[in-house]
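Data first, discussion second: the structure below is written as structure tokens.
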Number of protein chains: 2
Amino acid sequence: MSITLPSETVFHSIEKAIKEYRKFSQKNISNQIEDLTIDQGMVLLFLDKHSELTQKEIAALVFKDNASMTRMINLMVNKKYLKRSMNTIDRRRFTIELTAKGKEVLETLPPIILSNREKSLEGISKEEMIQLETILKKIAANCEKSE
Amino acid sequence: MSITLPSETVFHSIEKAIKEYRKFSQKNISNQIEDLTIDQGMVLLFLDKHSELTQKEIAALVFKDNASMTRMINLMVNKKYLKRSMNTIDRRRFTIELTAKGKEVLETLPPIILSNREKSLEGISKEEMIQLETILKKIAANCEKSE
DNA sequence: CAAATATAGTTGATGTATCAAGCATAAAGG
DNA sequence: CCTTTATGCTTGATACATCAACTATATTTG
């Protein structure tokens with residue numbers, strides 16, 4: 001049976017785009033911030049805007065599972081970016097807060113991320129962006145619906 | 001500094017699309033083939049068409065590093081999908097061949113993959129596909145050039 | 001040709017991801 | 001109420017990824 005090789009499909013291009021973006025982005029973050037991964041940076045951004053998020057919700061936002069998120073947050077607590085405390089209303093949950101160090105990173109990080117996004121999307125029109133979003137969402141929806 | 005949350009960006013959509021596709025694809029493969037990952041399947045497809053590929057070249061095609069590829073091929077040799085033998089012309093290299101079992105998988109796998117691609121791209125026009133490819137390649141190129 | 005450099009691949013250390021099982025708490029249903 | 005079920009999170013086992021250091025062979029170059 002003849003089949004187009006994976007490297008010739010759009011899935012290859014999708015994977016390539018996101019991997020290159022991640023590499024590029026990580027490099028620019030590491031240039032200015034010691035010891036912070038993209039994913040950790042994203043967690044900081046989310047918690048800054050939505051302090052009430054559960055670990056599970058954060059996990060979903062950065063495409064990880066609960067176990068990974070537990071370990072990731074432990075790490076970030078050890079590195080003094082986050083503080084974890086018991087939630088008094090629902091004692092199964094934790095309240096996760098940014099520390100001073102975490103807040104400090106949020107001074108430096110956003111400009112870097114904005115610049116990463118800008119540079120990586122250079123030469124792509126508003127209309128193309130909409131098309132891109134639309135098509136990608138169709139693909140995700142197609143894959144999800146058959147579950 | 002105010003910044004659009006990562007979950008609202010196109011990068012989130014890219015990541016979501018490829019992750020859903022992978023999950024969907026793996027599920028359909030696992031339904032019919034015991035103990036084969038998408039990546040292993042792709043390696044089989046590549047080797048079938050290009051038997052002369054080096055481990056390094058295969059690694060690049062599936063976005064892995066050399067060390068991962070060494071281990072992945074070891075695994076596939078242990079599972080009897082592949083056979084590794086010394087390359088007589090360049091003795092640093094290996095010649096990697098499909099075994100009978102590997103070839104057998106190639107009877108079953110391509111139709112599954114074709115169906116996965118078709119279903120996940122349902123409702124997306126030829127023109128949209130071209131747009132998608134074009135934009136994704138721009139993003140990858142933008143990220144790569146700053147290296 | 002010998003020394004320097006490049007290439008293909010492996011290995012060990014370490015980090016991260018994933019799954020299944022488990023614990024504690026909360027919510028729902030008889 | 002009290003049992004059952006659901007939820008939030010953690011842990012251990014295991015797999016996989018990544019980096020740097022290494023071996024072996026090939027190629028280049030003075």
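Sequence lines set the chain letters: A, B, ... in the order given, protein chains first and strands last, and positions in each chain run from 1.
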Checklist entry - Salt bridge check: are A/D39 and A/R22 linked by an N-O gap of less than 4.0 Å? => result yes

Checklist entry - Minimum heavy-atom separation for B/N142 to A/S120, with atom names? => result ND2-O, 2.9 Å

Checklist entry - Which heavy atom of A/R117 sits nearest a heavy atom of B/I3, and at what distance? => result NH1-CG1, 3.6 Å

Next on the checklist: Among residues at least two apart in sequence or on other chains, which ones pass side chain to side chain donor-acceptor pair (under 3.5 Å) with A/S13?
Outcome noted: B/E133

Checklist outcome for this item: ring-ring contact (aromatic ring centres under 6.0 Å, His included) pairs touching residues 55-88 of chain B, sequence neighbours excluded, are A/H12-B/F63

Checklist entry - For A/I96 and B/L75, take the nucleotide of DNA chain D holding the closest heavy atom to each; which residue's nucleotide lies nearer the 5' end? => result A/I96

Checklist entry - Residues from residues 51-58 of chain A sitting under 4.0 Å of DNA chain D, heavy atoms only? => result A/T54, A/Q55, A/K56

Checklist outcome for this item: From CZ of B/R22 across to C1' of D/dC16 the rounded distance in Å is 12 Å

Checklist entry - Can you check the B/Q26 CD to D/dC16 P distance for me, whole Å? => result 11 Å

Checklist entry - Starting at CG of B/N74 and ending at P of C/dT10, how long is that distance when rounded to a whole Å? => result 6 Å

Next on the checklist: Nearest whole Å is fine: how far is D/dA24 C1' from B/N87 CG?
Outcome noted: 14 Å

Next on the checklist: Output one letter per nucleotide in nucleotides 17-26 of chain C: B when a protein non-hydrogen atom lies under 4.0 Å from the base, S when only the sugar-phosphate is that close, - when neither is.
Outcome noted: SBB-----BS

Checklist entry - Excluding sequence neighbours, so at least two apart, what forms side chain to side chain donor-acceptor pair (under 3.5 Å) with B/D90? => result B/R92

Checklist outcome for this item: Here the distance between atom P of D/dT23 and atom CE of B/M86, to the nearest Å, is 17 Å

Checklist entry - Rounded to the nearest Å, what distance is computed from the CE atom of residue B/M69 to the P atom of nucleotide C/dG9? => result 11 Å

Checklist entry - Between A/L44 and A/G102, what is the shortest heavy-atom contact and its length? => result CD1-O, 4.4 Å

Item to check | Residues which pass side chain to side chain donor-acceptor pair (under 3.5 Å) with A/R93, listed by chain and number, not counting sequence neighbours | outcome: none

Checklist entry - Pick from B/K80, B/K79, B/K101: which one makes a salt bridge (charged side-chain N to carboxylate O under 4.0 Å, His left out) with B/D35? => result B/K79

Next on the checklist: In this structure, how many angstroms lie between the P atom of C/dA8 and the CZ atom of B/R84, rounded?
Outcome noted: 15 Å

Checklist entry - Roughly, in whole Å, what's the span from CZ in B/R93 to C1' in D/dT27? => result 15 Å

